There are 2 protein chains.
Amino acid sequence: MRRELSIEATGEWDEIAGQKPAPSADESASIVDGMTWRITETSALNQDVMDRLGSSFLVGNGYLGYRGTLEEYTHEQKVALIVSGLYDKVGDSWREPVNIPNPGYLRLEYQSQPLHALSSDVASHEQTLDLRQAVHERRTTFMTGDGCTIAVSARRFASLVEPHLICFEYTVEASQPCTLRVVTGIDGEVWDLNGPHLEQFESSFDEGALALTACTHERLVPIAVVERLTGDDGLAGWGREEKRIWHDTQLSLAPGEPHTLTKIVAVYTALESADPLAEAQRTCRDAAEQGFDVLLAAHVASWDERWRDCGIEIDGDDDAQLALRFSMYHLLSVAPTHAQSVSIPARGLSGQVYKGAVFWDTEIFMLPFFTHTFPEIARNLLLYRYHTLDGARRKAREYGFRGAFYAWESQDTGDDACTLFNVTDVFTDRPMRTYFRDKQYHISADVAYAIWDYYAVTGDDSVLLDGGAEIIYECARFYLTCSYYNHNKGRYEILDVTGPDEYHERVNNNAYTNWMAAHCFDVCLQVDEHLQQQHPVLARALLSRLDFQSDLETIRQIAPRLYRPEPDPQTSLVPQFDGYMALEDVSLPELLGRKLHPHEYLGGGNGLATTTQIVKQADVVLGLYLFRGAYSRDIKAANWEFYEPRTEHGSSLSSCAYSLVASEIGRIDSAYDYFMKTASIDLDGNGKQYVGTLYIAGTHPAANGGAWMSAVLGLCGIRCSADSITVAPSLPRHWSRVRLPLTYRGQKLVLTIGHDEMTVEAVEPLAKSRIVVHDGEQSYTLPETGPLTISLPETAALS
Amino acid sequence: MRRELSIEATGEWDEIAGQKPAPSADESASIVDGMTWRITETSALNQDVMDRLGSSFLVGNGYLGYRGTLEEYTHEQKVALIVSGLYDKVGDSWREPVNIPNPGYLRLEYQSQPLHALSSDVASHEQTLDLRQAVHERRTTFMTGDGCTIAVSARRFASLVEPHLICFEYTVEASQPCTLRVVTGIDGEVWDLNGPHLEQFESSFDEGALALTACTHERLVPIAVVERLTGDDGLAGWGREEKRIWHDTQLSLAPGEPHTLTKIVAVYTALESADPLAEAQRTCRDAAEQGFDVLLAAHVASWDERWRDCGIEIDGDDDAQLALRFSMYHLLSVAPTHAQSVSIPARGLSGQVYKGAVFWDTEIFMLPFFTHTFPEIARNLLLYRYHTLDGARRKAREYGFRGAFYAWESQDTGDDACTLFNVTDVFTDRPMRTYFRDKQYHISADVAYAIWDYYAVTGDDSVLLDGGAEIIYECARFYLTCSYYNHNKGRYEILDVTGPDEYHERVNNNAYTNWMAAHCFDVCLQVDEHLQQQHPVLARALLSRLDFQSDLETIRQIAPRLYRPEPDPQTSLVPQFDGYMALEDVSLPELLGRKLHPHEYLGGGNGLATTTQIVKQADVVLGLYLFRGAYSRDIKAANWEFYEPRTEHGSSLSSCAYSLVASEIGRIDSAYDYFMKTASIDLDGNGKQYVGTLYIAGTHPAANGGAWMSAVLGLCGIRCSADSITVAPSLPRHWSRVRLPLTYRGQKLVLTIGHDEMTVEAVEPLAKSRIVVHDGEQSYTLPETGPLTISLPETAALS
């Protein structure tokens, strides 16, 4: 997509956010010009392009996501409307998100022939995603056989103000007088991987509103889609089939006089309302009374607020600017603001792939963005883990442990949606036993890590009181019960696990896992200390309710004896797991050259990588980032240089970790390259499409989060801890300046970082507490108002 | 082979052993008629038949084995002469036994045309193995183009008196006067899997002896083969090439007047002599002076002694009689009497397959036969493990443990010959990572079990003093260091192992492994107690030399806390390992129906069996046999019935265990069927020929040992413990009587077991100690002389 990209400078910061840019020491470096807010695709449409845009041009608001498909598309072109938190299972197939009947369907006919972007004579076509406004647009010019030119343009948005609302606008203009037939309505013939998930369809046309209701197959959850059409001049008839209902109208067009239709749609399920149909009817009617333009304005204003609190300006690099905005757009589009019972699935709301499941991706790669910008969303995401804690308890019991062993693939209940056979062997077409579900013990510690990090950055201990402490205790209890004492070595070990590098399953003492588990113990003890001091009554009640006192004492005893793999004193290298260094040291190209099938899985029982040092993704290197305070720059550098050529980056999570550590060790070029890789994954459409024979495409919110992390926490060198913000930037040379907002301990700040100096300024006068800024060498106290300006030392880049 | 089998009653017990049969209560049941001592093969020769006979018609004497091939065969027909304990490695291939130059080669020419069983016009052909005398015979009648009939017969034996000696006799007779050319000598162009292993060939013809010497490739071990020909009337010339030397003679035959040549051959390597050539020359000359007939008579007398001390008569079942004799013949043929530095490889001395490696097969499946009949051979076999103890120590260290972790595939040094990639994936033709080497922890406990069992049966504690105690201590130390404490369950566990069922690799708490390890701890403590009481000085010295006192105390503490999987109280079933019962419960036929390739491996990373309850071989059931005193008949029955249909018997070790436990639970028909299966494996030639694409054929001494166990310890119900012999027979109905000799605590006994009564009698007056015989209900003391006769209760057979 990059090649066809037309970058349009459609606005500037001030217009959007209503704020002045923070004062800059170098006024000559304008931050106005490079702004890039729109991506436009003009490629000829084919299956690949359609699939890609379906994901990357998605509009969403955290409750629902609507794929970037065209109005005339049906299930065959993978139209999808996914609502957060609704899953269904049919037969023996896996449980997956439910695809809601499509309210965006519109068929245009000229002389009884459909005008369709795929089959008609198309003079021009483009699709645009406006990142600032979160609006999808399409523009197509059809040529008819009799010489008439018919221009179609459409816009849609998923309201950020009213999450149950999605609005469509459709404009046609003809070069000759003509009558066009428009059939538009709700299409219940949806694209499904393992469907059909909907049954008991009912439809109605009542007081101008079309309604389609159905129930999910497994749990009989009612859903309702209601839509109102305007611009049909009240002339439309309607029709229906079992799974469809539609308006049917004739538009008489005069040359050069465009005609516009709008559709206001409300979607509800019984998960949010006892009477989803009535709720949808009411929401739709209320919204329709406001009209498309008013709804759009409110939507845009809401997005403006979002961008104000998180939007980053990179001066000097339009590519990076666009890619980062695109990444943040996707994070914001799927961020749940409406509930604490849902989180962000690994493929966002872009379809049914990956079972709509929530992975560790959310805690490790998405949460930092929210924690540092929209802590209230981060809090929702964390409390989803409390909502699903009982599922994690059940999983721990299932495997003979106590405490909470979080699902590797978590859906609504927290029970693990991950199967034991996750990959199909391309050589035998048989399901392959994998150990994602059983052995990725680190997931529980990842959750605990994120909760503790949230508390450190925000200072908000309510997340501990509202479930976070209970989660952390139960996670620590899990590690207590899955650690084994090695009599020979006088230490506790964690055996038979799979770390982030899933190509090496069932290994002992995976450094990442052991570090995380040890951190979980540490956090558990710190949470107890905090609660004992600040909330003694609650502390006692919680220990009693969880019957945790005795386990806590045991954790206190064994925590120092849990084996935490250390760098080798000679080489500074941390072996990824016991015996890793003895594996075959083959180069990545040589390993890939051994493949007999392009889609063969490198891990699993007989995978090519399993017996070698080739790893799927950052594992030790990720751990070195997460515990960046505990390891020297030399150790980070040695491990980065060792593992980097051995990493296949078979996961979209990998580049981000390599970028982050590259920034810390002064490998700025590498840090930038890996940042761009993670920021561009859905722009370039280079993400992995297959594992074995399983199609896994969709958006990559973890990579999107990783892009923000790489830019802000990596290149800009920001590290928020409980007592200070450290800013030790490693800006690429061509980034003349970066301006970024942060929310730290309840206070909105704006940082402006250049090569020579940086400023930090509170958006509103500092209220609660002193904020300390550290530049890596020295501490400064942020003034109550006005900027703190710090001169930066010369950067000594390695690269 | 069974179908073409001609059973010849060639002798009776009295003739052979010079003993009277023990008195029988039922004199009408003759034990004379059914004796079966010869197997004859008359099948048309093809590759399959040649390969099969090469193994099953082997002659050997523990030092050397000579395959059952014909005299005119060369390396192409897999001629092999293997000497025990000599290994070599070429390049990157695995180390394997060395195939010694073939001294049996003989080419017969009639009018310049070779007479060859494969290419000439053959009127009749048969090969016979005489089990009693341990002599291989062949008889072939060739028809020449001009109407002459030439009959060839040949005999050979590997002397049981002088293990370096192998003797050949070759007789020709023609129907018409003619002259035959005979070329016979030593052929150094040998069959190799991973050769060539021999180099620096030198040959000589000196004082009537041909000599060929060479060195092994890797360690430059000199070997020498010397042979003397008689019957050539001194007319032979000789010739040689680089790797061959031969006599060349013309025989003038008169019709009906057979002519006989003999060859006396001596084989030495530098492992047994500082000057193998001189030693072979001397041995060959001395032997040749005695001549073939004298050497044969001494050989036969020696075998007669063997059969006297172990030969079993089964009255009423010629098939079983022959199969059991055949099994015992093969055990005796490969039993090392000459050294304590070698043991019996898994494929005996039948070739280079299985690397000539010694497995747990020896201790668990072969040793009982020797322990109960030839304890001096059992002692040699056990002390081989002392000879290789340092290798086991190295392996333990390699894996981060202490003590002795015996090689899964042991050769001369005890270092593990097992590779990490033991099977080739038939779908990708790639080596498959298997965990035989790393994870079959039970091997060390198997060794300790066998030592302790030897001591219990023989009462000979010298095996403990001469290395056995040290082995047991080091094995216990190994389990000490590989056991992990499970804090959650308050017990020590053994994790990440592979049990006998190799289709399920890397499992936790494999019942067999845990039981064996726990037994090893128990034995370790008992050995210490015995030594402290009987040999206190040695006890102290050993503990001190091994620095074992502290580990011994730890073992004393943790032994009771090592998890010993127990039968489920409801079902009586012992899960084979943690989580076994949750695996897919598929029938064996259905599983096999899923195969896509006839040779695909069912285990390994992606094997069909790994995710199911289908097991390769007896695992829990074997454990229930080895610890038969600890479990009730009901528990054995429940587990037998559960696991039996789930067992693929992909190992020749499996049937024996099923037979043994079937006898204990009264399933006599099953016990008999499994006995016949294990006893007939090399008779039928139904053994597994491939694992993946790896050819693994050869003899099966463990199955041979299993046949003896199934018959004696199973169907005859004999159990020798330190304080008594229990005899609780479950004879098949058609076995009217079984007569068997045993050596128990230094005393040779003969047992005669019928359906109504049994007798036990000491061959010589009881000397040392009281012997108690138990019939399962009651104890009797064996009289000093004369038989003890016990009436047997009615058998209540389940089947």
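Note on naming: letters A, B, ... go to the chains in the order of the sequence lines (proteins, then strands), and numbering restarts at 1 for each one. Quick caveat, the model's predicted, so the values are computed rather than measured.
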Enquirer: I'd like to know which of G607(A), P431(A), G605(A) tops the heavy-atom pair count under 4.5 Å against chain B.
Expert: G605(A)

Enquirer: Using non-hydrogen atoms and a 4.5 Å limit, figure out which bit of L420(B) sits close to chain A: side chain, backbone, both or neither.
Expert: neither

Enquirer: So which part of L596(B) gets closer than 4.5 Å to some heavy atom of chain A, the side chain, the backbone, both or neither?
Expert: both

Enquirer: Tabulate, with distances rounded to 0.1 Å, every donor-acceptor pair spanning chain A and chain B at under 3.5 Å.
Expert:
{"from": "G400(B)", "atom 1": "O", "to": "N488(A)", "atom 2": "ND2", "distance (Å)": "3.4"}
{"from": "R402(B)", "atom 1": "NE", "to": "N488(A)", "atom 2": "OD1", "distance (Å)": "2.9"}
{"from": "R430(B)", "atom 1": "NH1", "to": "E600(A)", "atom 2": "OE1", "distance (Å)": "2.9"}
{"from": "R430(B)", "atom 1": "NH2", "to": "R594(A)", "atom 2": "O", "distance (Å)": "3.0"}
{"from": "R430(B)", "atom 1": "NH2", "to": "E600(A)", "atom 2": "OE1", "distance (Å)": "3.2"}
{"from": "R430(B)", "atom 1": "NH2", "to": "E600(A)", "atom 2": "OE2", "distance (Å)": "2.9"}
{"from": "Y484(B)", "atom 1": "OH", "to": "N486(A)", "atom 2": "ND2", "distance (Å)": "3.2"}
{"from": "Y484(B)", "atom 1": "OH", "to": "E493(A)", "atom 2": "OE1", "distance (Å)": "2.7"}
{"from": "Y485(B)", "atom 1": "N", "to": "Y485(A)", "atom 2": "O", "distance (Å)": "2.9"}
{"from": "Y485(B)", "atom 1": "O", "to": "Y485(A)", "atom 2": "N", "distance (Å)": "2.9"}
{"from": "N486(B)", "atom 1": "ND2", "to": "Y484(A)", "atom 2": "OH", "distance (Å)": "3.2"}
{"from": "N488(B)", "atom 1": "OD1", "to": "R402(A)", "atom 2": "NE", "distance (Å)": "2.9"}
{"from": "N488(B)", "atom 1": "ND2", "to": "G400(A)", "atom 2": "O", "distance (Å)": "3.3"}
{"from": "E493(B)", "atom 1": "OE1", "to": "Y484(A)", "atom 2": "OH", "distance (Å)": "2.6"}
{"from": "R506(B)", "atom 1": "O", "to": "R506(A)", "atom 2": "NH1", "distance (Å)": "3.0"}
{"from": "R506(B)", "atom 1": "O", "to": "R506(A)", "atom 2": "NH2", "distance (Å)": "2.5"}
{"from": "R506(B)", "atom 1": "NH1", "to": "R506(A)", "atom 2": "O", "distance (Å)": "3.0"}
{"from": "R506(B)", "atom 1": "NH2", "to": "R506(A)", "atom 2": "O", "distance (Å)": "2.5"}
{"from": "R594(B)", "atom 1": "O", "to": "R430(A)", "atom 2": "NH2", "distance (Å)": "3.0"}
{"from": "E600(B)", "atom 1": "OE1", "to": "R430(A)", "atom 2": "NH1", "distance (Å)": "2.8"}
{"from": "E600(B)", "atom 1": "OE1", "to": "R430(A)", "atom 2": "NH2", "distance (Å)": "3.2"}
{"from": "E600(B)", "atom 1": "OE2", "to": "R430(A)", "atom 2": "NH2", "distance (Å)": "2.9"}

